[in-house]
Participant: 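I am attaching a structure below and will ask some questions about it afterwards.
None of these values were measured; they are calculated from a predicted model. The residues of the chain are indexed from 1 along the displayed sequence.
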Amino acid sequence: AALATLAAEIISAVTYLVLLRKRAMIQFRGIFSLPKWKDLQPLLKGGAALQLRNLAMNLTFLAVARATQKLDETGISAAAHAMSIQTFQIG
């Protein structure tokens, strides 16, 4: 099964690259070159902001979950809180 998955991934990647090349959306000589710092900088800034946001959200959820677990010894409120977190995170 692993070899079939590997083969499917390679075939998909090659097909995708060929289609992009036919539509003149990429050039093969530019695929393996490193990006310029000027082009990479906005991506790094956006990625850092997203990582900081995710860290803040996870710390908040952790603090709230810890406080919820302290509410009762039975764990019912913690279970209900875990279900609500899953509902709102999935959307």
Participant: State, with a plain yes or no, whether a side-chain heavy atom of Pro42 is found less than 4.5 Å away from one of Lys45.
Facilitator: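 Counting from C-beta outward, Pro42 and Lys45 never come under 4.5 Å.
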
Participant: Kindly compute the distance separating CD (Glu9) from OG (Ser12), expressed to the nearest 0.5 Å.
Facilitator: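 Answer for the CD-OG pair, Glu9 versus Ser12, is 6.0 Å.
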
Participant: Does a sphere of radius 6.0 Å around CG in Leu44 hold more than 12 heavy atoms from other residues, nucleotides or ligands, not counting ones at 6.0 Å or beyond?
Facilitator: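 More than 12 heavy atoms, drawn from other residues, nucleotides or ligands, come within 6.0 Å of this atom.
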
Participant: Within the structure provided, determine whether Asn58 and Leu62 are in side-chain contact (heavy-atom separation under 4.5 Å).
Facilitator: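 No - every pair of side-chain heavy atoms lies 4.5 Å or more apart.
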
Participant: Do Tyr16 and Phe28 sit in the same hydrophobic cluster, where Ile, Leu, Val, Met, Phe, Trp and Tyr count as joined when their side-chain heavy atoms come under 4.5 Å apart?
Facilitator: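 Per the 4.5 Å side-chain linkage, Tyr16 and Phe28 are co-clustered.
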
Participant: Quick check for you: to the nearest 0.5 Å, what is the distance between Ile10 atom CD1 and Thr5 atom OG1?
Facilitator: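 Ile10 CD1 to Thr5 OG1: 11.0 Å, rounded to 0.5 Å.
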
Participant: Quick one: pull up OG in Ser77 and NZ in Lys70 and give me the separation to the nearest 0.5 Å.
Facilitator: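 It comes to 13.0 Å.
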
Participant: Under a 4.5 Å side-chain heavy-atom rule over Ile, Leu, Val, Met, Phe, Trp and Tyr, are Trp37 and Leu34 clustered together?
Facilitator: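 No, separate clusters.
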
Participant: In terms of hydrophobic clustering (I, L, V, M, F, W, Y; side-chain heavy atoms under 4.5 Å; direct or indirect links), are Leu50 and Met57 co-clustered?
Facilitator: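 Unlinked, Leu50 and Met57 end up in two clusters.
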
Participant: Atom CD1 of Ile85 and atom OG1 of Thr68: how far apart are they, to the nearest 0.5 Å?
Facilitator: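 Separation between the atoms: 7.0 Å.
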
Participant: If the test is side chain to side chain contact (heavy atoms under 4.5 Å, CB included), which one of Leu20, Thr15, Val14 qualifies with Val18?
Facilitator: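 It is Val14, the one option of Leu20, Thr15, Val14 that forms the side chain to side chain contact (heavy atoms under 4.5 Å, CB included) with Val18.
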
Participant: Using 0.5 Å steps for rounding, measure from the CE atom of Met83 to the NE2 atom of His81.
Facilitator: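 Nearest 0.5 Å value for the CE-NE2 distance: 12.5 Å.
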
Participant: Roughly how far, to the nearest 0.5 Å, is CG of Leu71 from CD of Gln69?
Facilitator: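 If we round to the nearest 0.5 Å, Gln69:CD and Leu71:CG are 9.5 Å apart.
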
